[in-house]
Amino acid sequence: MNKKIKTEAMDHLLDAVLCLETKEECYSFFEDLCTVQELMSLSQRYEVASMLNEHKTYLEIADKTGASTATISRVNRCLNYGADGYEIVFGRLKGDTA
């Protein structure tokens with residue numbers, strides 16, 4: 001866990017996210033919390049991570065998502081050397097209990 005982001009304010013935000021129960025509630029909360037551009041950037045990064053996880057090439061990812069190679073590289077670095085957050089989500093979405 002990155003100590004720079006582990007704050008009381010971050011804990012409050014994550015508690016708020018964890019209390020959401022439906023996709024519609026998530027849409028409402030994130031629309032209020034973030035700008036459209038911030039949400040589009042977050043969703044793009046997740047799509048990039050998902051495609052990297054499926055072993056797609058940088059060119060395929062850039063073509064489909066519009067992400068720059070710098071963004072793809074940054075996400076790839078997180079997948080390889082990050083906190084394993086993406087892996088937790090990918091595993092759970094596949095039905096793993098990790």
Side-chain angles (χ1 to χ4, degrees):
M1 168 65 61
N2 184 335
K3 291 179 178 136
K4 291 180 182 178
I5 66 169
K6 181 108 174 86
T7 65
E8 186 176 348
M10 183 61 81
D11 284 347
H12 293 161
L13 173 62
L14 297 179
D15 288 341
V17 171
L18 289 169
C19 83
L20 299 170
E21 295 181 2
T22 66
K23 194 178 290 188
E24 284 306 313
E25 288 179 356
C26 290
Y27 270 108
S28 295
F29 180 72
F30 283 100
E31 186 177 338
D32 286 347
L33 181 67
C34 301
T35 66
V36 170
Q37 187 57 47
E38 289 167 336
L39 288 171
M40 299 309 291
S41 292
L42 290 170
S43 65
Q44 182 187 63
R45 286 184 204 148
Y46 180 75
E47 286 303 308
V48 167
S50 182
M51 292 180 76
L52 285 167
N53 191 53
E54 295 169 354
H55 308 290
K56 302 292 185 193
T57 67
Y58 275 36
L59 184 57
E60 290 173 304
I61 295 167
D63 284 345
K64 180 162 188 219
T65 67
S68 68
T69 55
T71 295
I72 298 167
S73 181
R74 188 177 315 117
V75 172
N76 194 42
R77 201 167 37 253
C78 289
L79 283 170
N80 290 315
Y81 305 108
D84 294 329
Y86 285 120
E87 292 304 320
I88 292 168
V89 170
F90 296 150
R92 294 208 178 133
L93 289 174
K94 278 188 346 191
D96 298 345
T97 57

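FYI, side chains are in, hydrogens and waters are out, and symmetry mates aren't considered; it's all heavy atoms of this structure.
- Note that the OG atom of S28 and the CG atom of L33 stand 12.0 Å from one another [nearest 0.5 Å].
- Once rounded to the nearest 0.5 Å, the distance linking OH of Y27 with OG1 of T22 reads 11.0 Å.
- In this structure Y46 satisfies the ring pair (Phe, Tyr, Trp, His ring centres under 6.0 Å) test together with F90, sequence neighbours excluded.
- Atom CE of M10 is separated from atom OG1 of T7 by 6.0 Å, given to the nearest 0.5 angstrom.
- Residues Y58 and Y86 share a hydrophobic cluster, clusters being chains of Ile/Leu/Val/Met/Phe/Trp/Tyr side chains in contact below 4.5 Å.
- For the residue pair V48 and A67, the shortest heavy atom distance occurs at CG2-CB, 3.7 Å.
- A distance of 8.0 Å separates CG in N76 from CD1 in I61, rounded to the nearest 0.5 Å.
- Here the CG-OG distance, from N80 to S73, works out to 9.5 Å after rounding to the nearest 0.5 Å.
- Other residues sharing the hydrophobic cluster of M40, ordered by chain and number and joined by side-chain separations under 4.5 Å: V36.
- Linking Ile, Leu, Val, Met, Phe, Trp and Tyr residues whenever their side-chain heavy atoms come within less than 4.5 Å places L39 and V17 in a single cluster.
- Considering all non-hydrogen atoms of both residues, A49 and L79 come closest at O-CD1, 3.8 Å.
- Tracing side-chain contacts under 4.5 Å through hydrophobic residues (I, L, V, M, F, W, Y), one reaches V75 starting from L93; they form part of the same cluster.
- For E31, the CD atom sits in a loose shell: 12 or fewer heavy atoms of surrounding residues, nucleotides or ligands are nearer than 6.0 Å.
- For the side chain to side chain contact (heavy atoms under 4.5 Å, CB included) test, residues two or more places apart in sequence or in another chain that qualify with L42 are R45.
- Listed by first then second residue, pairs satisfying salt bridge (charged side-chain N to carboxylate O under 4.0 Å, His left out) with a partner in residues 10-30 read K6-D11, not counting sequence neighbours.
- A pairwise comparison of heavy atoms in T35 and E38 identifies N-OE1, 2.8 Å as the closest pair.
- In this view, E8 and H12 satisfy the side chain to side chain contact (heavy atoms under 4.5 Å, CB included) rule, not counting sequence neighbours.
- Listed by first then second residue, pairs satisfying side-chain hydrogen bond (donor to acceptor under 3.5 Å, both in side chains) with a partner in residues 60-70 read T57-E60, S68-T71, not counting sequence neighbours.
- Rounding to the nearest 0.5 Å gives a distance of 9.5 Å between CG of L13 and CG of L18.
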